[in-house]
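We count residues from 1, following the sequence as given.
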Amino acid sequence: MTNQEIRLATAADVPAVKAVTDAAYGHYVERIGTVPQPMERDHAATVAEGRVFVTGEPVVGLVAVEAREDHLYVDNIAVHPDAQGTGVGRLLLHFVDAHARALGLPEVRLYTNALMWENQKIYPKYGYEVVERRVDGPYDRIHYRKRLD
């Protein structure tokens, strides 16, 4: 998966963006007791805003980002379950770092649900540190940041 291309998503990718997001997050619905927010996003709008990047043909992974004043915010990172463990997530996380640097932003921020413990094992391996844990409505979230050198 190391040579896999990451490209800006187009309107034609919207069904795949939704399908990968739903597949990646669907199993969490029962565990957390509510639908994870990425599954409820208006994917067409996010793609139209130029904030979604995809990889694979067909699409097997994606990341939705938003450049903010002092950091790059990762709104969604999803890998289809059939592609998990193949390096797609690593590829996307490295892309996020490079994208933030290209934009001149000194850090990346994201959060995950406290009950998505798989993610809590992944992010520290890639240099993310816990900033805080905060409840936002029905979501108990752990916020992370990664400072870029």
Side-chain angles (χ1 to χ4, degrees), residues 1 4 6-100 105 107-148:
M1 200 74 216
Q4 191 70 12
I6 296 178
R7 62 177 174 78
L8 190 61
T10 67
D13 294 310
V14 171
V17 168
K18 178 171 179 27
V20 170
T21 300
D22 289 352
Y25 288 92
H27 70 283
Y28 290 121
V29 174
E30 185 176 343
R31 188 189 302 175
I32 67 175
T34 190
V35 175
Q37 278 193 328
M39 292 176 70
E40 296 183 323
R41 294 278 191 269
D42 181 344
H43 300 293
T46 308
V47 167
E49 292 166 2
R51 299 193 306 111
V52 180
F53 296 85
V54 296
T55 189
E57 192 57 49
V59 173
V60 295
L62 64 102
V63 62
V65 297
E66 182 180 331
R68 298 196 175 161
E69 186 176 325
D70 60 349
H71 67 279
L72 185 66
Y73 169 64
V74 177
D75 184 47
N76 181 14
I77 186 165
V79 176
H80 193 282
D82 294 344
Q84 290 176 0
T86 65
V88 174
R90 177 177 53 246
L91 178 75
L92 292 168
L93 286 170
H94 288 305
F95 169 80
V96 165
D97 292 353
H99 191 60
L105 297 171
E107 77 180 39
V108 176
R109 296 183 192 169
L110 56 82
Y111 60 76
T112 192
N113 191 288
L115 294 177
M116 295 179 181
W117 51 78
E118 301 89 342
N119 297 341
Q120 295 170 50
K121 295 176 183 174
I122 294 169
Y123 296 129
K125 291 180 184 178
Y126 291 93
Y128 287 84
E129 62 182 339
V130 174
V131 176
E132 68 177 322
R133 183 170 177 172
R134 185 170 68 225
V135 174
D136 182 16
Y139 304 102
D140 182 2
R141 296 177 171 150
I142 298 176
H143 293 254
Y144 291 87
R145 75 171 170 209
K146 179 178 183 179
R147 293 188 177 149
L148 303 173

Participant: Within the side chain of R141, is there an N or O that forms a donor-acceptor pair under 3.5 Å with the backbone of N113?
Facilitator: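 The answer is no, because no donor-acceptor pair under 3.5 Å joins these two groups.
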Participant: Could you tell me which non-hydrogen atom of P81 sits nearest to which non-hydrogen atom of A24, and how far apart they are?
Facilitator: CD-N, 4.0 Å
Participant: Is there a side-chain contact between V29 and M39 (heavy atoms, below 4.5 Å)?
Facilitator: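 Side-chain contact under 4.5 Å: yes.
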Participant: Rounded to the nearest 0.5 Å, how far does CE of M116 lie from NZ of K121?
Facilitator: 15.0 Å
Participant: Using a 3.5 Å distance criterion without hydrogens, assess whether the side chain of D136 forms a donor-acceptor pair with backbone atoms of Y139.
Facilitator: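 No: the side chain of D136 does not pair with the backbone of Y139.
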Participant: With Y123, which residues qualify under ring-ring contact (aromatic ring centres under 6.0 Å, His included), at least two apart?
Facilitator: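 Checked Y123 against ring-ring contact (aromatic ring centres under 6.0 Å, His included); matches are Y128, Y144.
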Participant: Do you know the tightest heavy-atom contact between A83 and V60?
Facilitator: CB-CB, 3.8 Å
Participant: Mind running side chain to side chain contact (heavy atoms under 4.5 Å, CB included) on E107 and D70 for me, showing each step along the way?
Facilitator: CA-CA 7 Å; E107 77 180 39; D70 60 349; 5.9 Å; no
Participant: Could you give the distance from CG (D22) to NE2 (H43), rounded to the nearest 0.5 Å?
Facilitator: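 Reported to 0.5 Å precision, the distance equals 6.0 Å.
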Participant: Does a side-chain heavy-atom distance below 4.5 Å link N119 with Y28?
Facilitator: yes
Participant: Charged N to carboxylate O under 4.0 angstrom, E118 versus R31?
Facilitator: yes
Participant: If we only count heavy atoms from C-beta on, is the D13 to R7 side-chain gap below 4.5 Å?
Facilitator: yes
Participant: Would you check if there is a donor-acceptor pair between the side chains of N76 and Y25 at a distance under 3.5 Å?
Facilitator: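 N76 and Y25 do have a side-chain donor-acceptor pair below 3.5 Å.
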Participant: Given side chains that start at C-beta, do those of V20 and V79 come closer than 4.5 Å, heavy atoms only?
Facilitator: no
Participant: At what distance, to the nearest 0.5 angstrom, does CZ of R147 lie from CD of E129?
Facilitator: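 Here the interatomic distance stands at 5.5 Å.
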Participant: Do you know which two heavy atoms are closest between A67 and L105, and how far apart they sit?
Facilitator: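 The pair with the smallest heavy-atom distance is CB-CD1, 4.1 Å.
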Participant: Looking at every heavy atom in both T21 and P38, which two are closest together, and how far apart are they?
Facilitator: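 The answer is CG2-O, 3.4 Å.
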Participant: Does any part of the side chain of V74, heavy atoms only, come nearer than 4.5 Å to the side chain of V108, both counted from C-beta?
Facilitator: yes
Participant: When you look at V54 and V17, which way does the side chain to side chain contact (heavy atoms under 4.5 Å, CB included) test go after all the steps?
Facilitator: CA-CA 8 Å; V54 296; V17 168; 3.9 Å; yes
Participant: As an exercise, state the distance from CG of L72 to CG of L148, rounded to the nearest 0.5 Å.
Facilitator: 9.0 Å
Participant: Nearest 0.5 Å please: distance from the CG atom of L115 over to the OG1 atom of T34.
Facilitator: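 Between atom CG of L115 and atom OG1 of T34 there are 11.5 Å.
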Participant: CD1/I142 to CD/E132 distance, rounded to the nearest 0.5 angstrom?
Facilitator: 11.0 Å
Participant: How close do A114 and Q120 get, heavy atom to heavy atom, and via which atoms?
Facilitator: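 For A114 versus Q120, the nearest heavy atoms are O-NE2, 2.7 Å.
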Participant: In chain order, what residues pass the ring-ring contact (aromatic ring centres under 6.0 Å, His included) check against F95, with sequence neighbours excluded?
Facilitator: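 Partners of F95 under the ring-ring contact (aromatic ring centres under 6.0 Å, His included) test: F53, H99.
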Participant: Determine the minimum heavy-atom distance between A12 and P15, stating which atoms define it.
Facilitator: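 Distance-wise, the nearest heavy atoms are O-CD, 3.6 Å.
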Participant: For the backbone of H94 and the side chain of D97, can you confirm whether one donor and one acceptor N or O come within less than 3.5 Å of each other?
Facilitator: no
Participant: Go through the steps for R41 and D75 under the test side chain to side chain contact (heavy atoms under 4.5 Å, CB included), then give the verdict.
Facilitator: CA-CA 10 Å; R41 294 278 191 269; D75 184 47; 2.7 Å; yes
Participant: Can you confirm whether L91 sits close enough to V88 that some side-chain heavy atom of one is under 4.5 Å from a side-chain heavy atom of the other?
Facilitator: no
Participant: Return the set of residues passing side-chain hydrogen bond (donor to acceptor under 3.5 Å, both in side chains) with H143 (not counting sequence neighbours), or none when no residue passes.
Facilitator: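 Here the qualifying residues are R134.
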Participant: Where do L62 and T55 land on the side chain to side chain contact (heavy atoms under 4.5 Å, CB included) test, with the steps shown first?
Facilitator: CA-CA 6 Å; L62 64 102; T55 189; over 6 Å; no
Participant: For Y73, does the six-membered ring have the charged nitrogen or CZ of R109 within the cation-pi criterion, i.e. under 6.0 angstrom from the centroid and within 45° of the normal?
Facilitator: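 Judged by the rule (NZ or CZ under 6.0 Å from the ring centre, within 45° of its axis), R109 is not positioned above Y73.
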